[in-house]
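Comments concern the structure below.
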Amino acid sequence: MKKTIAVYPGSFDPLTIGHEDIVRRIVRLVDHLIVAVAETATQPKSGLFPIDERVELIRSAFADEPRVEATSFCGLLVDFARARKARIIVRGLRAVSDFEYEFQMALMNRSLWPEVEVLFMAPATRHTFLSSSLVREVGRLGGDVTDFVSPVVKARMDRAFERPATD
Ligand code: ADP
């Protein structure tokens, strides 16, 4: 039987427990999941980690899950998905505010590659307020991000902001 391959694209700067929640939900549904860091962000953002470090952190966070692959891509998402035979694109939806942009992107991607399906996943309610940009901001201003990112990401953020690790 053909393997079901999905791609979960994003900036992941950094990976939060909201992203992790979505990943753990998708791997229950597919054979292989590619978490793909977009090298060309669709929305300009002030970055924290370079692309390869974001990929490395995703890889570390899912070291226990052999069906999760972390990588990066540049150019069109549908070109990357097609090349990897991933006919499912996964995006997280936190609130209505995410909807308009995500819906537009989904329809554009399907116009570009009609065989692709975009799957929207809702995270656990307790993660709906989380975004990478907010976590970056809290970290930058000296706040504790322990509850929002996995320990490996927290350690890397502490180093980036040059603070001693708490454990
Ligand atoms: P992008 O720049 O493409 O929005 P992000 O890394 O911010 O990349 O997010 C990647 C995907 O994960 C998006 O679909 C986004 O809606 C989703 N996402 C981000 N944070 C959460 C969260 N806390 N819960 C669920 N989905 C989320």
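As the structure lists them, so they are numbered: ligands from 1, and atoms in each ligand from 1. Heads up: numbering here begins at 1 and tracks the sequence. Just so it is clear, the values below take in all heavy atoms, side chains as well, and ignore hydrogens, waters and symmetry mates.
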Please list, in number order, the atoms of ligand 1 under 4.0 Å from a heavy atom of [X].
| X | result |
| --- | --- |
| L130 | 20 (N), 21 (C), 22 (C), 23 (N) |
| F12 | 6 (O) |
| P123 | 24 (N), 25 (C) |
| R91 | 1 (P), 3 (O), 4 (O), 10 (C), 11 (C), 13 (C), 14 (O) |

Task: Residues R126 and D147 bridged, charged N to O under 4.0 Å - done: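 So R126 does not pair with D147 through a salt bridge.
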Please check whether [X] reaches ligand 1 - meaning an N/O of the residue sits under 3.5 Å from an N/O of the ligand, judged on distance alone.
| X | answer |
| --- | --- |
| S132 | no |
| R94 | yes |
| S11 | yes |

- [ ] Could you tell me whether I22 approaches ligand 1 through its side chain, its backbone, both or neither, with non-hydrogen atoms closer than 4.0 Å?
- [x]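 Side chain only.
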TODO: Indicate, as side chain, backbone, both or neither, the part of Y8 found under 4.0 angstrom from ligand 1 when only non-hydrogen atoms are considered.
DONE: side chain
Task: Selected option - heavy-atom contact closest to atom 10 (C) of ligand 1, from G92, P9, G18 - done: P9
Donor-acceptor pair, [X] side chain versus [Y] backbone, under 3.5 Å?
| X | Y | value |
| --- | --- | --- |
| D31 | T4 | yes |
| R84 | I5 | no |
| R54 | F49 | yes |
| R94 | H127 | no |

Task: Distance, nearest 0.5 Å, that separates CG of L107 from CG of L112 - done: 11.0 Å
Open item on the list: If only side-chain N and O atoms count, and only distance matters, is there a donor-acceptor pair under 3.5 Å linking T146 with D144?
Closed with: yes
